[in-house]
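Notes follow the structure.
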Amino acid sequence: MRKTDLDRYLEERRALINEALKKSLPPRDVPPQKLHQAMHYSLFAGGKRLRPILVLAAGEALGSPLEPLLPAACAVELLHTYTLIHDDLPAMDDDDYRRGLPTCHKVFGEAVAILAGDALLTQAFLILSQAGYPPERVVRAVKELALAAGSLGLVGGQAVDLEAEGQEVPLETVDFIYRNKTASLIRASLLLGGILGGGGEEQLQILSEYGQNLGMAFQITDDLLDVEGDFHQLGKETGRDILRKKATYPALLGVEGAKEKAREYCQRARHLALALGPPAEPLALMAEYVLSRRS
Ligand code: GRG
């Protein structure tokens, strides 16, 4: 599979996911309309759909058909969208733009944005529980997603990220933040695809480590894009990390040092994907994609 094939692969998967997402929320005109409109607004504001694509790619790497994996793919995207809405709030990063559009609270107000995030988080677990997967797989998938989302995952990472603002922190703290704030949901996406795709323990372990490495690389490239990217490509303002004195890899290691670290994580991810054999080729290529991404 070459770069152009990967682009086509990502585009096809994105289209499938966007179709499935349309059925993943109550319609906009169902009361409370404003809440549902806010949920639709943020979910369909764009987005690369990286995490749901990873759910599908992990399942496919183990020989699963795509269709049954779609509800789990939607669940991680709903949960991810909740984190973006809450992260943009004035009490957190106070951002005005996301995915090229005004942030949810700018359009619907803070209270509705908080509730839209809450409802998206809850909807993620509802979808997972209703998808008709074998019950033991659902329980394991719910557990992994809950662990990734809670105080030992995303929320914990976000808490330390906020605490570290304006402080001089060691690289271990930055690692902790990245592992929890970013890599945990990426890892869980891989695990969900693996669990629901019927993977064995050894395969799940490889997917987990792949997700961990890819997630670290993804966050480092996110930091680099904040330094080197631009609004039109990213759909959000840049230079925000320096402004908020965020603890980041580029801040601690410099741009070149951060790029080197990202390359190391991607290389490790690539090798892990290759260990799963030819059906995991998209996962191997996605490790390269993360390194070269511009948005
Ligand atoms: C629980 C409030 C709360 C936050 C958890 C995930 C998170 C911590 C905050 C979201 C903001 C953020 C910058 C997270 C780091 C992960 C990341 C790079 C998110 C952006 O993901 P992309 O680039 O976004 O995949 P799109 O829009 O393409 O889906």
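Numbers here are sequence positions counted from 1.
- Just one of D93, T81, D88, T103 meets the side-chain hydrogen bond (donor to acceptor under 3.5 Å, both in side chains) condition when paired with R98; it is D88.
- Here R51 does not pair with E77 in a salt bridge; the nearest charged N to carboxylate O distance is not below 4.0 Å.
- Between D87 and Y82, the side chains place no donor N or O within less than 3.5 Å of an acceptor N or O (distance only, hydrogens not considered).
- Here the side chains of D223 and Q219 are in contact, with some heavy-atom distance below 4.5 Å.
- Looking at R263 and E260, a side-chain N of the basic residue comes within less than 4.0 Å of a carboxylate O on the acidic one, giving a salt bridge.
- For the atom pair CD1 of I195 and CD of Q203, the computed distance is 12.5 Å after rounding to the nearest 0.5 Å.
- Within 6.0 Å of atom CD in E67, 12 or fewer heavy atoms from other residues, nucleotides or ligands are found, so the atom counts as exposed in its surroundings.
- Using a 4.5 Å heavy-atom threshold, the side chains of L35 and F108 count as separate.
- Residue K48 qualifies as enclosed at atom NZ: its count of foreign heavy atoms under 6.0 Å is above 12.
- Counting only heavy atoms from C-beta outward, the side chains of T221 and V290 approach each other to under 4.5 Å.
- For the pair L54/L283, a side-chain contact is recorded, criterion being any heavy-atom separation below 4.5 Å from C-beta on.
- Screening K245, K246, R179 against D161 for a salt bridge (Lys or Arg N to Asp or Glu O under 4.0 Å) leaves a single residue, K246.
- Within the model, atoms CG of L115 and NZ of K34 stand 10.5 Å from one another, a figure rounded to the nearest 0.5 Å.
- Exactly one residue among E201, E209, E202 makes a side-chain hydrogen bond (donor to acceptor under 3.5 Å, both in side chains) with Q205. That residue is E209.
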- Task: Starting from the C-alpha separation in whole Å, work towards a yes-or-no answer on salt bridge (charged side-chain N to carboxylate O under 4.0 Å, His left out) for R13 and E60.
- Result: CA-CA 12 Å; R13 299 294 171 282; E60 280 185 289; 2.9 Å; yes

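- In this structure, I177 is not a member of the same hydrophobic cluster as F218, with clusters built from ILVMFWY side-chain heavy atoms closer than 4.5 Å.
- Note that CG of N180 and OG of S151 are 9.5 Å apart. Values are rounded to the nearest 0.5 Å.
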